[in-house]
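Below is one structure; the comments refer to it alone.
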Amino acid sequence: MGPQSTPDLSTEASPLSLSTVAIVGLGTMGTGIAEVLVRAGREVIGIDTDEAAARQSVATLEAATARAVRRERITERERQDALARFRTFTDLQAAADADLVIEVVPEEYELKRQVLTELDTVVRPDAVLATGTNALSVTRLAADSQRPERVLGLHFFNPAPAMKLVEVVSSVLTAPAVVAAVTELARDLGKDPIALGDRPGFVADGLLFGYLNQAAAMYESKYATREDIDAAMRLGCGLPMGPLALLDLIGVDTARTVLEAMYAASHDRLHAPAPILGQLAEAGLTGRKAGRGFYTYEAPGSNTVVPDAETPAAADELGAGRAVTTVGVAGSGTMASGIAEVFAKAGYAVVLAARGLEKAEKAKARIAKSLARSVDKGRLTAEARDTALAAITPAGSLDAFADVDLAVEAVAEDLAVKQELFRTLDKVCKPGAVLATTTSSLPVVACARATSRPQDVIGMHFFNPAPAMKLVEIVRTVLTDDEVHATVRAVCTKVRKHPVDCGDRAGFIVNALLFPYLNNAIKMVEQHYASPDDIDAAMKLGGGYPMGPFELLDVVGLDVSLAIEKVLHAEFRDPGLAPSPLLEHLVAAGCLGRKTGRGFREYARR
């Protein structure tokens, strides 16, 4: 096709019409995209060389639209009209009259290149070619085309009918009019499109797969069980699925392919596929579709997990632990008062000690307000509020901990301060008392070594706000006694928290997986790849995250985030974990997030 036959898109004034769309590849994603298009009134040409796949696609679309009728989302007439707009073929020649062709064949460069090259000889000169890749280079695929200005990436998320995000990815060769037309189409389909440049994984998968890879490596190192890693990220971050369960859903082989493509482009060690991914993939243990991956499933394709050799022992097999009736909480801040409230509501006698009785009484008054809010919201009875409040005794020094069975410190995140406190607890607390630190980033063993009884010291990392958050990370040091571990697990169950076990290393589970993800999001902004708004939207709409990374950073506090990232970088020495200079600059400028009125965004002063 000569250059004379290609329209000059740089001067094209009228918008491109994309009323007829061909989809090449009628698997789960291709069929999902077809459903979105036909329900929005577009004519869809479905193409798959496998006749069985084409028939299955029609059957799936019929079933999906029937469900929509039953749920009264569309009428039967609308359903019939939608189905009439979907025709299937086994030959690429069927795409000859399409305005837009979307390929969603398997994630292999050579296969995608072959499809796009053949389409070059079939489609009209003004047709747009879109690749559904989520990891391969759009630029490289476009460069192999006869009309690279007409090629772009169009990345839907699975399941396409439900997921709102669509990433519209342009290469340096893509014509602006093509990007505008496809972006407008996505809006017409009821989606939220984000226009991006070409880089491995784009925004959502670029951030998501690095996190999934680290979770796989964490599991592989036997740092924590698969169940605890997944529970930690669901309960600690509010994610809809844990990372290992999500890898099984995506497909371990697919994840490995995506990570290999990302690593080839970035050379970031965080993207180098964890060896366990290759081992599982080569063994055919690719996740739900195979019936086994990180977990074992009832049958291939099932989402029902069944017990296997790695399923953890029941809690009652851990031993009884020590009796705990009285708990001491050291500190007067939000975390200390929240933890004291948790224990008091569970029926424990609580001694709340601060530096001075006045501070302790203020902390108890904060608890009283929190309990009153729970009563107002119908979550607590007035009688239960009064009982909990009466169980809390404020104290002006740690001497009041003489008879507690469990002492929990929630003071400043400063090692010297915590070590001094543990030296005092060692002198004050009775023999056999369990001593716990709520540190989120400091070594628990350093606190333990400040005492003469390191075997009695353990980490209990509550999450803020403690009354609402279900997760507690239980951090054992190499010196922690089994009985102490069993005691703390039993206490967590009694206070209705979900305990997860991990070793004593920087970040534990949640922060070790969360903060590299946040740091990578900042680097995307720093490199002018995407805006904080687009990245937040991508992770909420495409990843199901309750908050985008920049919303979360501003809530946590940029100074707190920087401190945790520095600890992770210092311990693991991975260049990819080095804090983003942009984060350091914002902290140096005093832009710490919501608490200062400005972080990655500006906030109204209260």
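These numbers come from a predicted model, not from an experiment.
Here Phe401 pairs with nothing under the ring-ring contact (aromatic ring centres under 6.0 Å, His included) rule; sequence neighbours left out. For Ser221, the side chain to side chain contact (heavy atoms under 4.5 Å, CB included) test picks out Tyr223, Arg505, with sequence neighbours left out. Partners of Asp253 by side chain to side chain donor-acceptor pair (under 3.5 Å), not counting sequence neighbours, listed by chain and number: Lys289. For Asp308, the side chain to side chain donor-acceptor pair (under 3.5 Å) partners at least two apart in sequence or on another chain are Arg226, Thr296, Thr311.
Counting heavy atoms from C-beta on, the side chains of Tyr529 and Ile535 never come closer than 4.5 Å. You'll find the side chain of Arg489 stays beyond 4.5 Å of the side chain of Thr493, heavy atoms only. Contact annotation: the side chain of Tyr348 never approaches that of Leu406 to less than 4.5 Å [non-hydrogen atoms, C-beta and beyond]. In this structure, Asp456 and Thr451 have side chains that are not in contact, with every pair of non-hydrogen atoms separated by 4.5 Å or more.
The two residues Gly543 and Pro240 come nearest to each other via the heavy atoms O-CG, 4.2 Å. The shortest heavy-atom contact between Gly338 and Ala466 is C-CB, 3.7 Å. Scanning both residues, Ala344 and Ala388, for their nearest heavy atoms gives CB-O, 3.4 Å.
Residue pairs meeting the side chain to side chain donor-acceptor pair (under 3.5 Å) criterion with at least one partner in residues 549-560, sequence neighbours excluded, are Lys540-Glu551, Asp554-Tyr603, Asp559-Lys595.
Using a 4.0 Å cut-off between a side-chain N of Lys or Arg and a carboxylate O of Asp or Glu, Arg292 and Asp248 do not qualify as a salt bridge.
A donor-acceptor contact closer than 3.5 angstrom links the side chains of Thr60 and Gln56. No hydrogens or angles considered: nothing links the side chains of Glu107 and Thr254 as a donor-acceptor pair under 3.5 Å. Thr477 and Asp504 form no side-chain donor-acceptor contact under 3.5 Å, judged by distance and modelled atom types alone. A donor-acceptor contact closer than 3.5 angstrom is absent between the side chains of Thr225 and Asp501.
The aromatic rings of Tyr297 and Tyr295 sit perpendicular to each other, their planes meeting at more than 60°, with 30° as the lower class boundary. Ring planes of His461 and Phe463: tilted class, angle from 30 to 60°.
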Which donor-acceptor pairs under 3.5 Å do side chains of residues 507-520 form with protein atoms, sequence neighbours excluded?
{"from": "Asn519", "atom 1": "OD1", "to": "Ser580", "atom 2": "N", "distance (Å)": "2.9"}
{"from": "Asn519", "atom 1": "ND2", "to": "Ala578", "atom 2": "O", "distance (Å)": "2.9"}
{"from": "Asn520", "atom 1": "ND2", "to": "Pro516", "atom 2": "O", "distance (Å)": "3.4"}

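For the atom pair OH (Tyr219) and CG (Asp230), the distance works out to 10.5 Å, reported to the nearest 0.5 Å.
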